Amino acid sequence: MSSAKILAAKQSAVAELTEQLKASEAGVLVNYYKTSVEADTALRKELTKAGVTYKVVKNTQLKFVFENLGYTDLNSHLEGMSAIAYSNDPVAPAKILSKFAKEHEDYKIKAGYIDGGVIDAAGVENLASIPSKEGLIAKLLGSIQSPLYGLAYVLQGKIDKEGGAAAEEVAAE
């Protein structure tokens with residue numbers, strides 16, 4: 001009887017994680033082997049602050065989750081100790097975990113997913129190099145503002161030049 005309860009609990013955990021990953025935009029699968037408690041705690045704080053969920057999950061459970069989602073290509077990465085970080089921000093998990101992996105050599109990015117597609121570790125690194133949403137908006141606004149400032153500068157110069165000429169005419173009279 002107790003094995004039936006355990007099986008039901010595991011199936012429930014798989015179903016819950018499947019729904020959470022299905023609702024997310026992107027996720028990153030990592031190997032956290034030899035990560036110190038202090039480093040892991042700091043990482044979890046940074047991830048939480050950015051709205052990223054980070055969970056350590058057994059590989060067998062992740063296998064079922066990935067099969068439910070159609071991410072079977074990720075199953076080949078389920079070796080060693082696995083954790084998954086996922087979020088509705090498609091860049092945040094990759095950015096934070098990529099930075100952390102560069103600072104901690106034993107921490108490895110295995111693979112990830114974005115918009116229903118699986119990406120390898122190199123794809124996660126490429127995703128991490130994309131500017132944040134706020135950075136992209138700032139670049140867009142800057143590109144819109146720049147020509148407007150140029151136009152305003154030219155018009156102001158024209159006004160100043162004509163205003164100077166009108167003042168000279170008044171002074172000459």
Side-chain angles (χ1 to χ4, degrees), residues 7 9-147:
L7 181 61
K10 288 180 180 180
Q11 288 173 337
S12 173
V14 166
E16 182 180 333
L17 186 57
T18 299
E19 289 305 313
Q20 290 171 355
L21 294 185
K22 188 185 292 185
S24 68
E25 290 282 325
V28 177
L29 184 66
V30 297
N31 183 341
Y32 63 94
Y33 182 67
K34 289 189 178 180
T35 303
S36 69
V37 173
E38 294 83 17
D40 186 60
T41 302
L43 173 64
R44 286 174 185 267
K45 283 182 183 177
E46 187 174 354
L47 289 167
T48 302
K49 185 177 173 185
V52 178
T53 304
Y54 182 78
K55 290 184 177 183
V56 173
V57 185
K58 291 184 177 185
N59 287 336
T60 52
Q61 288 182 336
L62 280 173
K63 181 181 178 221
F64 289 119
V65 170
F66 294 153
E67 286 175 3
N68 291 343
L69 294 170
Y71 298 158
T72 53
D73 292 345
L74 288 174
N75 287 341
S76 63
H77 299 283
L78 295 177
E79 296 175 2
M81 303 173 94
S82 297
I84 189 157
Y86 54 94
S87 172
N88 286 330
D89 180 343
V91 179
K95 263 192 183 313
I96 295 168
L97 294 175
S98 183
K99 179 183 167 210
F100 187 81
K102 288 176 184 167
E103 296 169 356
H104 300 85
E105 70 178 54
D106 289 327
Y107 196 87
K108 303 288 183 213
I109 293 176
K110 296 180 179 183
Y113 67 90
I114 184 167
D115 291 332
V118 174
I119 55 176
D120 60 0
V124 174
E125 292 294 330
N126 288 337
L127 188 60
S129 67
I130 295 174
S132 67
K133 183 178 180 181
E134 292 79 15
L136 291 173
I137 290 171
K139 282 185 177 185
L140 175 67
L141 291 176
S143 66
I144 292 171
Q145 275 183 326
S146 181

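When reading the values below, keep in mind they use all heavy atoms of this one structure, side chains included, and skip hydrogens, waters and symmetry mates. Predicted, not measured: the structure shown is a model, and the values here were computed from it.
Distance alone, capped at 3.5 Å, is enough to place a donor-acceptor pair between the Ser76 side chain and the Asp73 backbone. Of the possible polar contacts, one joining the Lys110 side chain to the His77 backbone as a donor-acceptor pair under 3.5 Å is found.
Taking a 6.0 Å sphere around NZ of Lys55, one finds it holds more than 12 heavy atoms contributed by other residues, nucleotides or ligands. Within 6.0 Å of CD on Glu103 lie more than 12 heavy atoms contributed by other residues, nucleotides or ligands.
The closest side-chain heavy-atom distance from Phe64 to Thr18 is not below 4.5 Å. Using a 4.5 Å heavy-atom threshold, the side chains of Asp89 and Val52 count as separate.
Between Lys22 and Glu19, at least one side-chain nitrogen of the basic residue sits less than 4.0 Å from a carboxylate oxygen of the acidic one, meeting the salt-bridge criterion.
Rounding to the nearest 0.5 Å places CD of Glu16 at 5.0 Å from CD of Gln20. Here Thr48 contributes atom OG1 and Leu43 contributes atom CG; the two are 9.0 Å apart, rounded to the nearest 0.5 Å. Separating the CZ atom in Phe100 from the CD1 atom in Ile109 is a distance of 10.5 Å, to the nearest 0.5 Å. To the nearest 0.5 Å, the span separating NZ on Lys34 from CD on Glu105 amounts to 8.5 Å.
Summarising the geometry of Ala128 relative to Ala94, their closest heavy-atom pair is CB-O, 3.5 Å, with the distance given to 0.1 Å. Between Asn59 and Gly80, the shortest heavy-atom contact is ND2-O, 2.9 Å. Contact detail for Ile84 and Leu62: the closest heavy-atom pair is CG2-CD2, 4.4 Å. The shortest heavy-atom contact between Lys95 and Ser129 is NZ-C, 4.4 Å. The two residues Pro93 and Ser87 come nearest to each other via the heavy atoms CG-CB, 3.7 Å. Pro90 approaches Ile114 most closely through the heavy-atom pair CB-CD1, 3.7 Å.
Applying side-chain contact (heavy atoms from CB on, under 4.5 Å) to Asn68 and the options Leu21, Val14, Leu17 leaves one that passes, Val14.
Taking the six-membered ring where the residue is Trp, Tyr71 and Phe66 present tilted rings, their angle falling between 30° and 60°.
No side-chain donor from either of Asp40 and Thr35 sits under 3.5 Å from a side-chain acceptor of the other.
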